[in-house]
Protein chains: 2
Amino acid sequence: MKVDGRVERGEQTKRQILRRAAEIASVEGLEGLSIGRLATELEVSKSGVFAHFGSKEELQLATVRAAAKVFVDQVVTPALDVPPGRARLERLLDGWLAYSEHRTFPGGCFFYAVQAEFDARPGRVRDTLVEFDRRWHDLVRSTAADVPGLVADPDQLAFEVIAFLELANGKSVLRGDDEAYARARTAVADALARATRA
Amino acid sequence: MKVDGRVERGEQTKRQILRRAAEIASVEGLEGLSIGRLATELEVSKSGVFAHFGSKEELQLATVRAAAKVFVDQVVTPALDVPPGRARLERLLDGWLAYSEHRTFPGGCFFYAVQAEFDARPGRVRDTLVEFDRRWHDLVRSTAADVPGLVADPDQLAFEVIAFLELANGKSVLRGDDEAYARARTAVADALARATRA
DNA sequence: TAAGTGTACGAACGATCGTACAATTAGTTT
DNA sequence: AAACTAATTGTACGATCGTTCGTACACTTA
């Protein structure tokens with residue numbers, strides 16, 4: 001298995017582009033992300049950036065996929081290392097709050113910013129975001145459903161805890177403080193306690 | 001008290017501009033809102049639109065204020081017609097869900113879209129949005145605090161119910177269905193029941 | 001070593017952005 | 001009717017947008 005030095009270098013450039021693109025998009029949105037600005041910040045040529053994707057929409061889609069990979073690595077995978085049950089669910093939700101609070105993306109959760117931007121406009125970007133959202137919701141629901149002694153509807157429980165997570169992210173980014181995370185942790189803990197009380 | 005027909009006409013034009021601007025911004029964001037596009041859609045000149053505001057930022061600020069007025073008229077004022085207590089709180093939260101569900105703004109809640117867009121960038125628009133958000137949260141908290149026999153922390157209760165409202169809006173706009181509103185109504189009703197149980 | 005391939009670059013394109021300013025139109029005041 | 005004022009328009013500007021194209025260079029393969 002040989003590696004072509006040119007291709008290797010190209011892929012590394014592409015990774016750098018996408019990392020910065022996801023950072024920018026979490027703050028300014030996927031439309032605020034311009035190819036020229038990206039090129040300037042990375043000190044490469046505008047056409048060099050463009051050539052990797054072929055269109056702005058493809059850049060946006062690649063950025064979403066790159067951000068999803070970061071999200072999975074940081075939130076999903078660690079939770080799947082824990083055996084199914086209450087501990088896994090707690091790990092998943094705690095992991096999400098840490099991912100948001102530690103500003104893995106400088107503008108808070110990437111998907112919070114970008115979903116609100118594209119939720120009302122048709123197109124492939126929106127379709128991709130809908131699919132990722134569906135998978136995230138399903139993961140929370142199925143993880144909750146595996147908690148022994150669950151007395152609540154997993155779908156309803158998933159809705160409620162996701163609501164707490166997202167509002168914590170939104171409020172903390174907007175206000176610049178950490179209070180909302182404490183509120184969310186309280187709310188999540190209460191919800192889990194109620195949902196597992198026989 | 002005389003009225004100048006020219007001024008009167010100008011104010012009417014301004015109102016039309018701002019109404020359309022809020023509609024566009026709820027879908028495309030306040031940055032996606034361009035002066036040229038606004039002029040084309042309203043069939044007036046670009047400079048005519050511009051002259052009313054003097055800068056894009058002023059247009060954005062005026063749009064936010066106009067949307068806030070719509071929000072107050074549709075959600076806040078009707079609730080304040082109800083005497084303080086549980087009924088007023090329920091009216092407030094139901095009013096919000098109706099405001100979102102009936103698509104007063106075509107992209108769902110105007111502030112949901114615009115806060116997510118500006119939450120991570122500094123500037124006067126963001127400052128204005130922070131202030132409106134603070135006032136909304138305070139209204140929900142103080143309305144909850146007036147509910148007789150409340151056993152919950154009003155601040156925590158406000159956080160939780162606002163989380164349900166916002167996720168209902170976000171999910172329904174993203175997915176294009178109404179299921180999230182039903183989930184939110186269930187969640188709000190449960191939260192209120194718990195909060196008033198002695 | 002010669003030919004071929006892949007990445008990156010610089011220059012240029014048409015379109016649109018926000019903004020400026022003088023001219024025009026409509027309505028008021030004297 | 002003339003002078004004045006406010007809303008609106010037309011034209012133009014520099015900047016930036018996404019995109020296209022021809023070229024230069026790095027690397028691999030024959």
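In this text the structure is predicted, and so the values were computed from the model without any measurement.
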Once side chain to side chain contact (heavy atoms under 4.5 Å, CB included) is applied, do any residues pair with [X], and if so which ones, sequence neighbours excluded?
X        : answer
B:Pro78  : B:Arg91
A:Asp133 : A:Gln115, B:Lys171, B:Leu174, B:Arg175
A:Asp146 : A:Pro84
A:Asn169 : A:Trp96, A:Ser100, A:Cys109, A:Tyr112, A:Val173, A:Tyr181

Identify every side-chain donor-acceptor pair in residues 61-72 of chain A under 3.5 Å, counting partners at least two apart or on other chains, and give the distances.
| residue | atom | partner | partner atom | Å |
| --- | --- | --- | --- | --- |
| A:Thr63 | OG1 | A:Leu59 | O | 2.7 |
| A:Lys69 | NZ | A:Asp73 | OD2 | 3.2 |

Specify the separation, in whole Å, of atom [atom1] of [X] and atom [atom2] of [N].
X       : N      : atom1 : atom2 : result
A:Gln12 : C:dT7  : CD    : P     : 13 Å
B:Leu30 : C:dC17 : CG    : P     : 15 Å
A:Leu59 : D:dG18 : CG    : C1'   : 11 Å
A:Phe53 : C:dT7  : CZ    : C1'   : 13 Å
A:Glu8  : D:dT28 : CD    : C1'   : 15 Å
A:Leu42 : C:dT7  : CG    : P     : 17 Å
A:Glu31 : D:dG18 : CD    : C1'   : 11 Å
A:Gln16 : C:dA8  : CD    : C1'   : 14 Å

For [Y], does its backbone N or O pair with a side-chain atom of [X] as donor and acceptor, under 3.5 Å?
X        : Y        : result
A:Thr104 : A:Tyr99  : yes
B:Glu117 : B:Glu31  : yes
B:Arg141 : B:Asp155 : no

Output one line per pair: protein atom, nucleotide atom from nucleotides 19-21 of chain D, and distance, for all N/O pairs under 3.5 Å.
| residue | atom | partner | partner atom | Å |
| --- | --- | --- | --- | --- |
| D:dT19 | OP2 | A:Lys56 | N | 2.6 |

* Asked: At under 4.0 Å, does any side-chain N or O of B:Thr13 touch on OP1 or OP2 of D:dT8?
  -> yes

* **Any A:His52 side-chain N or O less than 4.0 Å from OP1/OP2 of C:dG6** =>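 For C:dG6, OP1/OP2 do not have a side-chain N/O of A:His52 under 4.0 Å.
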
Please list, for nucleotides 23-27 of chain D, all pairs of protein and nucleotide N/O atoms separated by less than 3.5 Å.
| residue | atom | partner | partner atom | Å |
| --- | --- | --- | --- | --- |
| D:dC27 | O2 | A:Arg6 | NH1 | 2.7 |

* Select base, sugar-phosphate, or nothing to describe what B:Ala51 touches, counting heavy atoms under 4.0 Å on all strands. => base

* Asked: Counting any heavy atom closer than 4.0 Å, what does B:Val44 reach on the DNA or RNA strands: base, sugar-phosphate only, or nothing?
  -> sugar-phosphate

* List in numerical order all residues of residues 18-27 of chain A for which some heavy atom is under 4.0 Å away from an atom belonging to DNA chain D. =>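 When residues 18-27 of chain A is checked for heavy atoms under 4.0 Å from DNA chain D, there are no hits whatsoever.
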
* To do: Compute both the distance and the angle, then confirm whether B:Arg135 meets the cation-pi test with B:Phe132: under 6.0 Å from the six-membered ring centre, within 45 degrees of the axis.
  => no

* For the residue pair A:Ser26 and A:Pro106, establish whether any side-chain heavy-atom pair is separated by less than 4.5 Å. =>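 A side-chain contact exists here, since the closest heavy-atom pair is under 4.5 Å.
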
* Determine whether A:Leu150 and A:Arg86 make a side-chain contact, defined as any pair of heavy atoms from C-beta on separated by less than 4.5 Å. => no

Enumerate the protein-to-nucleotides 14-16 of chain C contacts in which both atoms are nitrogen or oxygen and the separation is below 3.5 Å.
none

* Which residues share a ring pair (Phe, Tyr, Trp, His ring centres under 6.0 Å) with B:Phe164, sequence neighbours left out -> A:Phe164

Show the atom names and distances, to 0.1 Å, of all donor-acceptor pairs under 3.5 Å that link a side chain in residues 7-20 of chain A to residues at least two apart or in another chain.
| residue | atom | partner | partner atom | Å |
| --- | --- | --- | --- | --- |
| A:Thr13 | OG1 | A:Arg9 | O | 3.0 |
| A:Arg20 | NH1 | A:Glu41 | OE1 | 2.6 |

* For B:Gln156, which residues count as a side chain to side chain donor-acceptor pair (under 3.5 Å) partner, sequence neighbours excluded? ->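 Here the qualifying residues are A:Arg183, B:Glu160.
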
